[in-house]
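First the structure, in the form of structure tokens, and then the observations on it.
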Amino acid sequence: MDRGLVWFKRDLRVRDHAPLCDAASRGPVLGIYIYEPCVLRADEHDARHLEFVNESLKELRSDLQQLGSDLLIAEGDAVDVFERLWHTHAFARLHSHEETGLGQTFDRDKRVRSWCRERRVEWHEAIQHGVFRPLTSRDGWSRRWNGYMRQPECQTLEALSPWPNSKTLDLGDTRSPSELGVRELCDLSDRQRGGTQAGEDLLRTFLHERGETYQRAMSSPLEGADACSRLSPHLAYGTVSIRTASHAANERAADLRDAGGNGLWLRSIGSFQKRLRWHCHFIQKLESEPEIEFQNMHRGYDGMRVENEAQWNEADRHAYAAWCDGRTGYPFVDACMRSLNETGWLNFRMRSMLVSFAAYHLWLHWRPVARHLARAFTDFEPGIHYSQVQMQSGTTGINTVRIYNPVKQGRDQDPDGVFVRRWVPELAELPGDLVHVPWESADSLFSRTVDERAYPTRLVDHATAYREAQRRIFAVRKQSAVRDEARRVYIKHGSRRGGARLQYRGAPEDRGDR
């Protein structure tokens with residue numbers, strides 16, 4: 001029997017699912033999801049990711065059952081799971097999306113490919129997002145991305161043919177974080193919920209109700225929580241395809257133009273469409289160079305910071321713990337981290353500020369910083385994550401050095417201190433602008449550490465840390481060998497706007513926002 005097994009990974013949906021459609025066109029179909037130890041035990045994994053996945057799996061199983069098939073939920077190494085299933089219900093084809101994930105999943109895919117060759121199982125992989133493999137040059141990437149997004153979604157499935165004797169299978173069920181031994185960073189009550197229905201509801205309300213002020217409000221941690229699409233975890237775990245989101249945005253923009261246009265709405269939707277492209281642009285970096293999960297994108301920055309935490313001094317360890325917990329002494333930084341730890345979401349500009357503060361003010365290596373943030377982000381997407389953390393830490397060699405002034409950011413993005421007072425209640429009684437500079441208060445409760453309830457003193461002085469970070473990073477950048485290596489990085493990973501060939505003119509630099 002020509003059975004097809006559809007392997008769901010970070011694509012937990014039935015709509016616009018090329019592997020599922022392909023398998024359905026060839027014969028009986030069964031879906032499978034595997035709780036893999038290599039994923040569950042990764043430093044980047046957290047209970048909030050698993051709970052989002054579990055909610056999505058329950059909906060996915062229901063959707064497959066309504067179509068006439070089902071979802072098998074297994075636990076173990078993927079090759080071992082496939083081997084056991086193949087022995088009891090031999091299948092001829094394995095269908096999945098290409099995955100740009102962590103090193104663990106990259107190595108796992110190599111083992112699965114070898115197993116498929118050994119068992120003569122055909123493995124059919126389909127493109128995921130607008131990320132292409134193999135890709136030897138970024139020239140023409142934008143045209144390929146546009147071409148993929150213009151393609152119609154995969155056909156809507158009306159029915160699936162189930163595997164013969166599938167009722168003899170133990171289909172399993174979702175398992176909790178405690179059952180799987182998955183760590184929990186914080187209470188999970190305030191995180192986003194999974195499932196295609198939740199994702200499509202967010203897409204609809206963003207494009208028709210919430211998103212009018214998106215272009216302006218996305219930089220605010222207060223307004224952005226509602227004005228941003230909040231689709232990121234659904235794109236990360238594939239409950240909604242990026243092509244579905246792109247088509248919906250295009251249709252909404254066309255309707256607005258046909259109705260005479262609304263400039264604010266159209267500009268916001270245009271900004272959203274650009275970010276859908278950036279989503280794939282950054283994932284393509286990890287797809288093209290998986291090593292950037294582990295090493296500097298630009299190797300000229302090797303040794304600039306101490307990566308191995310075992311080699312940190314006591315001050316480094318204290319600074320890192322304070323940064324993770326939101327107790328750096330800078331109210332806006334701490335409010336952003338506490339909010340992120342609790343909810344699993346933070347707007348992009350504030351994410352950048354958190355990394356910048358760790359990288360430049362505290363001079364911490366991006367690897368430990370990336371691990372904590374990966375666990376905190378419900379929408380953790382490896383390709384975007386490691387590309388962005390390196391970019392904000394200044395180790396790509398090609399991007400602007402941006403050292404955020406945490407006081408200025410607080411005053412700009414939270415002028416009345418509403419966000420700070422919500423997440424740093426120790427400062428709630430401080431009047432006016434003092435909430436952003438509590439060290440200027442005459443009250444000893446805010447100007448120095450008295451006990452565990454008091455707000456801590458600043459880990460560093462911004463002006464001093466700023467000057468020292470500038471000195472260190474530009475001492476590296478001015479070396480001729482480093483400039484030559486930057487050209488290689490730029491050619492491999494730089495954006496080709498409008499599909500043009502890249503013309504390298506050197507790495508842009510600035511002095512941050514002081």
Review point. What class does the angle between the rings of H462 and Y466 fall in, given that below 30° is parallel, 30 to 60° is tilted and above 60° is perpendicular?
Key: tilted
Check your understanding: What residues, two or more places apart in sequence or in another chain, satisfy side-chain hydrogen bond (donor to acceptor under 3.5 Å, both in side chains) together with D416?
Key -> none
Review point. Side chains of R349 and S219: donor-acceptor distance under 3.5 Å anywhere?
Key: no
Check your understanding: Do N54 and Y35 have a side chain donor and acceptor closer than 3.5 Å?
Key -> yes
Practice item. Say whether H372 and N341, considering side chains only, have a donor N or O and an acceptor N or O under 3.5 Å apart. Key: yes
Point to revise | Polar contact flag, side-chain donor to acceptor under 3.5 angstrom, R402-Q392 | key: no
Exercise for review: Look at the side chain of R252 and the backbone N and O of L207, then say whether any donor-acceptor pair between them is shorter than 3.5 Å.
Suggested key: yes
Exercise for review: Please determine if D302 and R299 form a salt bridge, counting it only when a charged side-chain N lies under 4.0 Å from a carboxylate O.
Suggested key: yes
Review point. Have R351 and H385 got a donor and an acceptor in their side chains that come within less than 3.5 Å?
Key: no
Review point. Taking C-beta and beyond as the side chain, do Q470 and I403 meet within less than 4.5 Å on heavy atoms?
Key: yes
Check your understanding: Heavy-atom distance under 4.5 Å between the side chains of N399 and Y490, does that happen here?
Key -> no
Check your understanding: Distance only, no hydrogens: is a donor on one side chain within 3.5 Å (strictly under) of an acceptor on the other, for Q284 and S288?
Key -> yes
Study note, to complete from the structure: Residues passing the salt bridge (Lys or Arg N to Asp or Glu O under 4.0 Å) test with D46, sequence neighbours excluded, are R48, R375
Exercise for review: For S271 and R267, indicate whether the former's side chain and the latter's backbone hold a donor-acceptor pair under 3.5 Å.
Suggested key: yes
Review point. Looking at W439 versus Y330, is the centre-to-centre ring distance below 6.0 Å?
Key: yes
Review point. Any ion pair linking R193 and E51 (charged N to carboxylate O, less than 4.0 Å)?
Key: no
**Study point:** Listed partners of E291 passing side-chain hydrogen bond (donor to acceptor under 3.5 Å, both in side chains), at least two apart
**Key:** none
Practice item. Please tell me if the side chains of R338 and R327 come closer than 4.5 Å, counting only heavy atoms from C-beta onward. Key: yes
Review point. Heavy atoms, side chains only, cut-off 4.5 Å: are W366 and V355 in contact?
Key: no
Point to revise | Separation of L354 CG from L340 CG (nearest 0.5 Å) | key: 7.0 Å
Revision key, fill the gap. Residues at least two apart in sequence or cross-chain that pass side-chain hydrogen bond (donor to acceptor under 3.5 Å, both in side chains) with N146, listed by chain then number, are R277
Exercise for review: List in chain and number order the residues that pass ring pair (Phe, Tyr, Trp, His ring centres under 6.0 Å) with W345, two or more places apart in sequence or in another chain; answer none if no residue qualifies.
Suggested key: none
Review point. Looking only at atom types and distance, does a side-chain atom of W363 sit under 3.5 Å from a main-chain N or O of V306, one as donor and one as acceptor?
Key: no
Check your understanding: Do the side chains of Q390 and N296 get nearer than 4.5 Å, heavy atoms only?
Key -> yes
Review point. What residues form a salt bridge (Lys or Arg N to Asp or Glu O under 4.0 Å) with D201, not counting sequence neighbours?
Key: R204
Practice item. Determine the minimum heavy-atom distance between A245 and L276, stating which atoms define it. Key: C-CD1, 4.1 Å
Check your understanding: Got M353 and C336 here, is their nearest side-chain heavy-atom distance under 4.5 Å?
Key -> yes
Check your understanding: Are the side chain of R191 and the backbone N or O of T378 linked by a donor-acceptor pair below 3.5 Å?
Key -> no
**Study point:** Pairs where residues 461-471 contributes a residue and the test salt bridge (charged side-chain N to carboxylate O under 4.0 Å, His left out) is met, not counting sequence neighbours
**Key:** R458-D461, E468-R471, E468-R472
Exercise for review: Measure across G101 and L286 and return the closest heavy-atom pair with its distance rounded to 0.1 Å.
Suggested key: O-CD2, 3.5 Å
Exercise for review: Go through the steps for F332 and V407 under the test side-chain contact (heavy atoms from CB on, under 4.5 Å), then give the verdict.
Suggested key: CA-CA 7 Å; F332 194 56; V407 175; over 6 Å; no
Point to revise | Residue list, ring pair (Phe, Tyr, Trp, His ring centres under 6.0 Å) with F8, at least two apart or on another chain | key: H17
**Study point:** Validation row: R108, E99 side chains within 4.5 angstrom (heavy atoms)
**Key:** yes
Practice item. Please determine, by modelled atom types, if T328 and D334 share a side-chain donor-acceptor pair under 3.5 angstrom. Key: yes
Exercise for review: Using atom types as modelled and distance alone, determine if a side-chain donor or acceptor of S268 lies under 3.5 Å from a backbone N or O of E212.
Suggested key: yes
Check your understanding: Looking at N405, V437, V435, which one forms a side-chain contact (heavy atoms from CB on, under 4.5 Å) with R411?
Key -> V437
Study note, to complete from the structure: One should read off an interatomic distance between R488 CZ and M297 CE, to the nearest 0.5 angstrom, of 9.0 Å
Point to revise | Check: F357 ring centroid to W323 ring centroid under 6.0 Å | key: no
Review point. With no hydrogens and no angle check, is any side-chain donor or acceptor of N347 less than 3.5 Å from a backbone partner on M218?
Key: yes
Point to revise | Closest contact, heavy atoms only, I283 versus H129 | key: CD1-CD2, 3.9 Å
Check your understanding: Can you list the residues that meet the side-chain hydrogen bond (donor to acceptor under 3.5 Å, both in side chains) rule with D226, with sequence neighbours excluded?
Key -> none
Point to revise | K9 charged N/C atom sitting above W7 aromatic ring, 6.0 Å / 45° | key: yes
Review point. Is there a donor-acceptor pair under 3.5 Å between the side chain of S356 and the backbone N or O of Y404?
Key: yes
Review point. Is it true that atom CZ of R41 has more than 12 heavy atoms of other residues, nucleotides or ligands lying nearer than 6.0 Å?
Key: no
Practice item. Scan for salt bridge (charged side-chain N to carboxylate O under 4.0 Å, His left out) pairs involving residues 213-223, sequence neighbours excluded, and state none if there are none. Key: R216-E223
Check your understanding: Does the gap between the ring centers of F206 and F272 come in under 6.0 Å?
Key -> yes
**Study point:** Residues that R421 engages under salt bridge (Lys or Arg N to Asp or Glu O under 4.0 Å), provided they are two or more places apart
**Key:** none
Review point. Does H318 NE2 have over 12 foreign heavy atoms under 6.0 Å away?
Key: no
Point to revise | Sub-4.5 Å side-chain heavy-atom contact between E309 and R317 | key: no
Review point. Is the backbone N or O of G238 less than 3.5 Å from a side-chain atom of R10, with the two atoms forming a donor-acceptor pair by type?
Key: no
Exercise for review: From the options Y237, F377, F380, select the one residue that forms a ring pair (Phe, Tyr, Trp, His ring centres under 6.0 Å) with F52.
Suggested key: Y237
Check your understanding: Are R243 and Y148 in a cation-pi contact, defined as NZ or CZ under 6.0 Å from the six-membered ring centre and within 45° of the axis?
Key -> yes
Practice item. Could you tell me which residues satisfy salt bridge (Lys or Arg N to Asp or Glu O under 4.0 Å) with E293, sequence neighbours excluded, listed by chain and number? Key: none
Check your understanding: Ignoring hydrogens and geometry, is there a side-chain-to-backbone donor-acceptor pair from S220 to L222 under 3.5 Å?
Key -> yes
Check your understanding: Do any N or O atoms from the side chain of H493 and from the backbone of T396 form a donor-acceptor pair under 3.5 angstrom?
Key -> no
Exercise for review: Check whether NZ of the Lys or CZ of the Arg R144 lies under 6.0 Å from the centre of the six-membered ring of W141 and within 45 degrees of that ring's axis.
Suggested key: no
